[in-house]
**Student:** 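Sharing a structure with you now.
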Number of protein chains: 2
Amino acid sequence: MVQRQVTMRDVARSAGVHPGTVSRVLNPRTRELVNPATAGRVEQVAREMGYSLNPIARGLKTRRTFSVGVLIPDLENPLFPPIIRGIERVLDAAGYTALVASTDGEPARERQRLEALIARQVDGFVIATAQRRHPVVADAIASGLAVVLVNRTIDGGGAFAVVPDDRRGAALAVAHLAGIGHRSIGHIAGPQETTTGLLRYRGFMEAMDDAGLAAGPGMVAHADAFAVAAGAACARGLLAAAAAPTGIVAANDLLALGAYTAIAEAGLRCPADVSVVGFNDMPFTDRFAPPLTTVHIPHGAIGARAAELLLERIEDPAATPQTLMFEPTLTVRASTAPPARRPRRDGSGATAARAPRGAGPRR
Amino acid sequence: MVQRQVTMRDVARSAGVHPGTVSRVLNPRTRELVNPATAGRVEQVAREMGYSLNPIARGLKTRRTFSVGVLIPDLENPLFPPIIRGIERVLDAAGYTALVASTDGEPARERQRLEALIARQVDGFVIATAQRRHPVVADAIASGLAVVLVNRTIDGGGAFAVVPDDRRGAALAVAHLAGIGHRSIGHIAGPQETTTGLLRYRGFMEAMDDAGLAAGPGMVAHADAFAVAAGAACARGLLAAAAAPTGIVAANDLLALGAYTAIAEAGLRCPADVSVVGFNDMPFTDRFAPPLTTVHIPHGAIGARAAELLLERIEDPAATPQTLMFEPTLTVRASTAPPARRPRRDGSGATAARAPRGAGPRR
């Protein structure tokens, strides 16, 4: 009869500690970090279970550091802390520590962070900084590192990724505005080198088509960053168009906040004059003036699932890459309302003609 | 003539790279992480300058990992990302990487994070999780780790720390409310086991005394966490008091948001019925309904200074502990206004008597 090999996980379970603690106790370099009572208990359990008697298995196991690198483009975007919280919830339960580094979206900084974490011998990475064509990430995956992408993914497959259904989210936003009577709807698109920017844009265009509302020229503005200032610049452009939109779908909540700024600057009101829909439902959107209607993404669940996938990938380097897509919902708050004035049908029946505006308030 | 010893920093300067890159190139375990052209240039410069000819100096130098651990209690509190940004700005310039871990304020998790980062051989720590009596932090400092506390500090000295002047901040808030006519001012105090909670409370009480406005019984509510729900619970208590305050000073912005919730629940309006002052001026406070009057703390500067102190401490383990206190200012927005009704003086001349209220709105 073959007896099953005792694993570090078995010892951890018997001793009532995390596998990471067992690893630290059995590694002479880190033993002193564990409190003496716990360390003594772990050693005794390991001895009783015959775990320390297998130096080969132990060598294999202690190569694990039970730490994981998490790369974030911008910690000041409130979207990311809930993702990190989800990641930590799963890693904590498995005895792993998340080490978070932010990159400012700069490739040089990203490579440096990745290198620093590899030098610190992390067991894998959750990466939220992916761009569609991304040499650093592609190299990391090709070199055999355990990597799971979160929120954004790369073009061309080959990666583990957990993302929102961006197209569907944009479609929900368009359907909401169209459903309450908007015919002239603009889009503040995110950076097109990210899948979130590209797919939300495509989802917007497809949904406009489906609703019989062709997005006219000047009705899509491209932001160079997912940031408030970029959103304001784009919204100024949309509001200055000949047929300014009565509704705006922004590719994320920071861009939507920028739209609030531009609407106020133009002497207009949200939602009385212009409705705004955000994307993400990041923390505090319910506190804004006005509270933001936005596409809700379950970021905690996305982060947690990414961490689970990473742990599976660490256990099984031969696992097949997979992309998990989470379904969004729409959270309707006070930034959207039916358009104030009946649209005047033009020849196409699609766009709402608007009276020319001066700098003053329009009612 | 004694020639000055060539340092890793000299090599980095000549090669036009960060010291961390030089360290990685000269360490066989990490050399492959640096792109080959850069690595070649660094090796050539090091050879030319005679740097690699001194194995003892090199051994000493390469013990550095050019990484720093940053412990944060709660990444979802928007106060911390600007502090981290300030830390990263300074560390980046010096070729260091910040590895951020969050603790949820739980001592067990904090010890585990600290251990994991020590096992990853970071060169030092910036710690934002300090409580006044804090065995984990005290042990870390006593064991000779390079540690700088940020935002909060510990009782009893012996630590490097960069903090806001919490007492003065609370005094600014009281002076503002008193200056626009409030006589009945309440306080939502933060957890008293943190210096931020304790000193803002003390600053509030002292400033009330100075203004001749004794804070009556029931006018201070103690929150068990710096969080929205705790702020709402406290504000409900304050608003139910016999002499409910016309102004509330909250010990941070999340507590102030909780006060907004409680004010709305009671059918009251901010600022028409109750003024609210927050503390921190965290991101997005200008976007809230109403935009929040709050004590502004220069968090980016505080983070940057903490990182500078840490780099000094890493260079010089014998450096004398010091506490740097940053001056706050008051940012006045729309959550504060003169009290609607003239206070009716009671015997003490201190508190405003108020008509009993039902559940309905009060005007």
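Below, read A as the first sequence line, B as the second, and so on, with proteins coming before strands; counting in each chain starts at 1. Side chains included, hydrogens not; waters and symmetry mates left out as well; all remaining heavy atoms used.
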**Student:** Examine the side chains of Thr285(A) and Arg287(B) and answer whether a donor and an acceptor come within less than 3.5 Å of each other.
**Tutor:** no
**Student:** Angle between ring planes, Phe284(B) versus Phe288(A), binned at 30° and 60°: parallel, tilted or perpendicular?
**Tutor:** tilted
**Student:** Where does Thr261(B) contact chain A at under 4.5 Å (heavy atoms): side chain, backbone, both or neither?
**Tutor:** both
**Student:** Is chain B contacted by the side chain of Val228(A), its backbone, both, or neither, given a heavy-atom distance below 4.5 Å?
**Tutor:** side chain
**Student:** Where does Thr21(A) contact chain B at under 4.5 Å (heavy atoms): side chain, backbone, both or neither?
**Tutor:** neither
**Student:** Under 4.5 Å, counting heavy-atom pairs only, tell me which of Val122(A), Asp104(A), Leu114(A) racks up the most with chain B.
**Tutor:** Asp104(A)
**Student:** Between Pro283(A), Ala98(A), Ala101(A), Ser102(A), who has the most heavy-atom pairs with chain B when the cutoff is under 4.5 Å?
**Tutor:** Ser102(A)
**Student:** Which bit of Arg111(A) comes within less than 4.5 Å of chain B, counting heavy atoms only: side chain, backbone, both or neither?
**Tutor:** neither
**Student:** For Leu254(A), is it the side chain, the backbone, both or neither that has a heavy atom under 4.5 Å from a heavy atom of chain B?
**Tutor:** side chain
**Student:** Mind listing the closest non-hydrogen atom pair of Thr97(B) and Ala116(A) along with its distance?
**Tutor:** OG1-CB, 3.5 Å
**Student:** Leu99(A) versus Leu117(B): any side-chain heavy-atom pair under 4.5 Å?
**Tutor:** yes
**Student:** Salt bridge check, Arg113(A) against Asp92(B): does any charged N sit closer than 4.0 Å to a carboxylate O?
**Tutor:** yes
**Student:** Salt-bridged, Arg85(B) to Asp74(A), with N to O below 4.0 Å?
**Tutor:** yes
**Student:** What pair of heavy atoms forms the shortest contact from Gln112(A) to Gly95(B), and how long is it?
**Tutor:** NE2-O, 4.3 Å
**Student:** Glu88(A) versus chain B, heavy atoms under 4.5 Å apart: side chain, backbone, both or neither?
**Tutor:** side chain
**Student:** Considering non-hydrogen atoms only, spot the tightest contact between Ala289(B) and Ala289(A) and give its length.
**Tutor:** CB-CB, 3.7 Å
**Student:** Look up atom CD1 in Ile72(A) and atom CD1 in Ile84(B), then write down how far apart they are to the nearest 0.5 Å.
**Tutor:** 10.5 Å
